[in-house]
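All remarks here apply to the structure that follows.
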Amino acid sequence: MSTPAPRPAGSRAARYAAVLLIGAAVGAIATVMLTRAWMARQDPFPDALMHVQGWHLGQLQDNVAQSRCGATDTLPHLEALRATSRNLEQAFPGLADDARFKQASSGMRTVLDGALTAPPLNCPGVGALHVKIKEACNACHRDFKG
């Protein structure tokens, strides 16, 4: 009988390292695939709507800070806020039948309708309107945002 030739010590470690790297690569790929599959099931509309409204509300606040409170600076943001507020019930269909949600979304539209009917023409007025809109937002967020 012949004795097998001894293997070099580095070959076993190299195999373990290769298997470890392959396992890490397969794990990373599987994680990405599962995450994307989970994200594909999520509806981006509610978050997108809230981000757009938050951006326009932030622009009103920035306009006050920069003393840019004329109608040409304010009305586009108020119009965008009013237009997007029409979609609140569609963005949150599970809440559309809730009386508190209906009242909060209607209150938001009422504040914006009043602002569009008589828009503020100076910075104190835009600042006060910003507070009223923020309060209308918070009326809903207090009850429904976790």
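Owing to the predicted nature of the structure, the values given are computational and were not obtained by experimental measurement. Values below: every heavy atom of this structure, side chains too, minus hydrogens, waters and symmetry copies. For the single chain, residues carry numbers from 1 onward in sequence order.
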Legend entry - Hydrophobic cluster partners of Ile29 (side-chain heavy atoms under 4.5 Å): Met33
Legend entry - Spacing of Tyr16 atom OH and Leu21 atom CG [to the nearest 0.5 Å]: 15.0 Å
Legend entry - Derivation and outcome, side chain to side chain contact (heavy atoms under 4.5 Å, CB included), residues Val64 and His130: CA-CA 9 Å; Val64 171; His130 178 268; 5.8 Å; no
Inset, instruction - Test Leu75 against Leu116 for side chain to side chain contact (heavy atoms under 4.5 Å, CB included), laying out the working first. - result: CA-CA 7 Å; Leu75 282 175; Leu116 287 169; 3.9 Å; yes
Legend entry - Set of residues satisfying ring pair (Phe, Tyr, Trp, His ring centres under 6.0 Å) with respect to His56, sequence neighbours excluded: His77
Inset, instruction - State, to 0.1 Å, how close Pro120 and Ala115 come at their nearest heavy-atom pair, and which atoms those are. - result: CD-O, 4.3 Å
Legend entry - Heavy-atom closest contact (Arg109 atom, Arg86 atom, distance): NH1-CA, 4.3 Å
Legend entry - Within-4.5 Å side-chain heavy-atom neighbours: His141 and Met50: yes
Legend entry - Non-neighbouring partners of Cys69 that pass disulfide (SG to SG under 2.5 Å), sequence neighbours left out: Cys123
Inset, instruction - Locate the shortest heavy-atom distance separating Met108 from Ser85; write the atom from each residue and the value. - result: CG-CB, 4.2 Å
Legend entry - Atom pair OG (Ser105) and CG (Leu95), whose distance is rounded to the nearest 0.5 Å: 9.5 Å
Legend entry - Distance, nearest 0.5 Å, that separates CG of Leu121 from CG of Asp73: 11.5 Å
Legend entry - Contact summary for Ala139 and Asp143, nearest pair of heavy atoms: O-OD2, 3.7 Å
Legend entry - Residue pair Ala104 / Cys140: nearest heavy atoms and the distance that separates them: CB-CB, 3.7 Å
Legend entry - Rounded distance [0.5 Å steps], CZ in Arg82 versus CG in Asp113: 4.0 Å
Legend entry - Any Arg100 side-chain heavy atom under 4.5 Å of Gln103 side chain: no
Legend entry - Between CG on residue Asn87 and CZ on residue Phe45, distance to nearest 0.5 Å: 4.5 Å
Inset, instruction - Quick one: closest heavy-atom pair of Ile133 and Leu60, and the distance? - result: CD1-CD1, 4.0 Å
Inset, instruction - Please examine the side chains of Leu78 and Thr74, heavy atoms only from C-beta on, and report whether any two atoms are closer than 4.5 Å. - result: yes
Legend entry - Min side-chain heavy-atom separation Leu88-Phe101 under 4.5 Å: yes
Inset, instruction - Consider only side-chain heavy atoms of I, L, V, M, F, W and Y, link residues closer than 4.5 Å, and tell whether Leu112 and Leu57 are in one cluster. - result: yes
